[in-house]
K.L.:
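Pasting a structure here, questions to come.
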Amino acid sequence: MSEKGLNNFFEEYLKKEPLFINKSVLQSAYTPDEIPHRDDQIKQIANILAPALRVERPSNIFIYGKTGTGKTVCVRHTTKKLEQVAKQNNVNLKIVYLNCKLSKVADTEYRLIAQLAREFGKEIPSTGLPTSEVYSIFYKAIDTEKNVILIILDEIDQLVSRTSDEILYNLTRINSELKNSQIAIIGISNDLVFADNLDPRVKSSLSEEELVFPPYNALQIQDILKKRSSKAFKEGVLETGVIEKCAAYAAKDHGDARRALELLRVAGELAERSGETNIEVNYLDMAEEKIEKDRVIDTIKTQPHQFKATLYAALTLDKGKKSTLFTGDLYEVYKEICAKTGLRSLTQRRVSDIIAEFDMLGLINAKVISKGRYGRTREINMAIPQSIEPKIKEILVKDLGL
DNA sequence: GTCAATTCACATGAAAGAGACCACGGTCTAGTG
DNA sequence: CTAGACCGTGGTCTCTTTCATGTGAATTGACGA
């Protein structure tokens, strides 16, 4: 684009009518003032937590529900209100929210406790200290005066799957170590059967109260979308049927409201970019494709070299012959690739794990099958959409330096 | 033909090592008064 | 005398390797009809 063309482009851009009034309303970080269809759950949470206002320890709560069913939003909403009331009445109440999955801040025992201590104004190095030391710093920090502390652990299943349930055991026992303060834990999990694999002692103390968030149905999602979109978009921008279709997409996929909102936002962005004055239904399809594509490319880009090499091996092998491929074949090709790129090749044991991880990420379908006399192995198929395969290959070739 | 034993090619688990990063305390060194 | 440089020790954390054990059905081979 020439200098002049670029100028024109920006001029044109400014002249265009934006479709959004406030895009952030559709972003996942946004906490709405009212949460439709979750009155019961909010009431229950409020009931359980209310004793905190009298400086009594509330019961620990365990909250289950699939992604996008409003767990986090409800908890944050309720605790925010609780905090406000506590402040007005000079009640010592501290609420700590930690996401155990996001941003590597709290995905090990050390980091979790360190992060908690940091919330109370203590400086903790990212490494170097014994974990027990961090515990005692934390104890000292919170036990200075009488107060109630609510610890919200979001995606707690991730924490446990990466480490062990010992952390939770320690956390639930903290109270017996404290003289003044009291701690209550709110655990939030996407995994519905998560607690079944927990140590029984941990389970019973952690889930003194249990709450289940059912998925939204299509009508409820429509409701949510309507409320939010009225704040996010200009009036009349959404064509009829857009919200309905968006809700239907999400309801089909276990009622994930977060997904529905993202879909709507991306559809809006796409429409805006191509200069439309309103959002048609077909932009939803485009949005879905774009979201999926971005997700795949993003996850692949952020993988370590060894993972990329493994994926590249799977990709080339998949292209080569039509029949399904097995771990052994893939490992051979992987070794060749390592030789070519000068990468140190890993053992088959490790590559096997890497394949399993790609399966978890949804980039590969790997199913363990037994071929009888001919052994047991994984049957591997690519799960990457055909349309973006060339692009993926390009990225891998570039990153691997082939 | 039937049925249990065998066998393959990995899967899956557990434990431990390597190497990066870091804190802390002790010792050494050079600069200062 | 003191601040800062420089170890050595001990800690966490991630990625791997090593060693050990598990696994499910095709195949095999003995057995009886």
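Here is how names work: the chains are called A, B, and so on, in the same order as the sequence lines, proteins then strands, and each is numbered from 1. Being a predicted model, the structure only gives us computed values, none of them experimental.
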K.L.:
Do you see a donor-acceptor pair shorter than 3.5 Å between the side chains of A:N365 and A:E379?
P.N.:
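No donor-acceptor contact under 3.5 Å links the two side chains.
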K.L.:
Look at the side chain of A:R350 against the base of C:dT17 and say whether a donor-acceptor pair falls under 3.5 Å; ignore hydrogens and angles.
P.N.:
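No.
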K.L.:
Mark yes or no for whether A:D256, through its side chain, and A:R258, through its backbone, hold a donor-acceptor pair below 3.5 Å.
P.N.:
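Checked: pair present.
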K.L.:
Measure from the side-chain N and O atoms of A:Q220 to the backbone N and O of A:N217, and report whether any donor-acceptor pair falls under 3.5 Å.
P.N.:
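Side chain of A:Q220 to backbone of A:N217: a pair is present.
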K.L.:
Can you tell me the distance, in whole Å, between the CD atom of A:Q303 and the C1' atom of C:dT14?
P.N.:
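From A:Q303 CD to C:dT14 C1': 14 Å.
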K.L.:
Starting at NZ of A:K367 and ending at C1' of B:dT12, how long is that distance when rounded to a whole Å?
P.N.:
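Interatomic distance, NZ of A:K367 to C1' of B:dT12: 19 Å.
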K.L.:
Using a cut-off of 4.0 Å on non-hydrogen atoms, how would the nucleic acid contact of A:S345 be classed: base, sugar-phosphate, or nothing?
P.N.:
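The residue A:S345 makes sugar-phosphate contact but no base contact.
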K.L.:
Please report the distance, rounded to the nearest Å, between CD in A:E109 and C1' in C:dT14.
P.N.:
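One finds 17 Å between C1' of C:dT14 and CD of A:E109, rounded.
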K.L.:
Rounded to whole angstroms, how far apart are CZ on A:R376 and C1' on C:dA26?
P.N.:
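Value for this atom pair: 14 Å.
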K.L.:
B:dA9, OP1 or OP2 - any side-chain N/O from A:T327 closer than 4.0 Å?
P.N.:
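The answer is no; no side-chain N or O of A:T327 sits under 4.0 Å from OP1 or OP2.
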K.L.:
Would one find a side-chain N or O of A:Y110 under 4.0 angstrom from OP1 or OP2 of C:dG11?
P.N.:
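False: A:Y110 side-chain N/O out of range (4.0 Å or more) of C:dG11 OP1/OP2.
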K.L.:
Go nucleotide by nucleotide along DNA chain B from the 5' end; which of A:G372 and A:R378 gets its closest nucleotide reached first?
P.N.:
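By nearest-heavy-atom nucleotide position, the 5'-most residue is A:G372.
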K.L.:
Mind checking the CD-OG spacing from A:E357 to A:S352? Nearest 0.5 Å is all I need.
P.N.:
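OG of A:S352 is found 10.5 Å from CD of A:E357.
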K.L.:
Select one nucleotide: of B:dA11, C:dT23, C:dG11, the one nearest the side-chain heavy atoms of A:V368.
P.N.:
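So the side chain of A:V368 is nearest to B:dA11.
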K.L.:
B:dA11, OP1 or OP2 - any side-chain N/O from A:S352 closer than 4.0 Å?
P.N.:
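Yes, because at least one side-chain N or O of A:S352 sits under 4.0 Å from OP1 or OP2 of B:dA11.
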K.L.:
Is a side-chain donor or acceptor of A:N175 paired with a backbone partner of A:Q182 at a separation under 3.5 angstrom?
P.N.:
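No.
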K.L.:
Under 3.5 Å, is there an N or O donor on one side and an acceptor on the other linking the side chain of A:R373 and the base of C:dG24?
P.N.:
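There is none.
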K.L.:
For A:E133, answer base if it contacts any base atom (sugar-phosphate contacts may also be present), sugar-phosphate if it contacts only those atoms, and nothing otherwise; contact means non-hydrogen atoms under 4.0 Å.
P.N.:
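Counting heavy atoms under 4.0 Å across all strands, no contact is made by A:E133.
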K.L.:
For the side chain of A:R349, counting heavy atoms from C-beta on, which of B:dG13, C:dC13, B:dA9 is nearest?
P.N.:
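Looking only at heavy atoms from C-beta outward on A:R349, the closest nucleotide is B:dG13.
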K.L.:
Would you say A:T347 reaches C:dT17's phosphate, i.e. side-chain N/O to OP1/OP2 under 4.0 Å?
P.N.:
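Yes, within the criterion.
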K.L.:
How many whole angstroms separate atom NE2 of A:H305 from atom P of C:dT14?
P.N.:
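After rounding, the reported distance stands at 21 Å.
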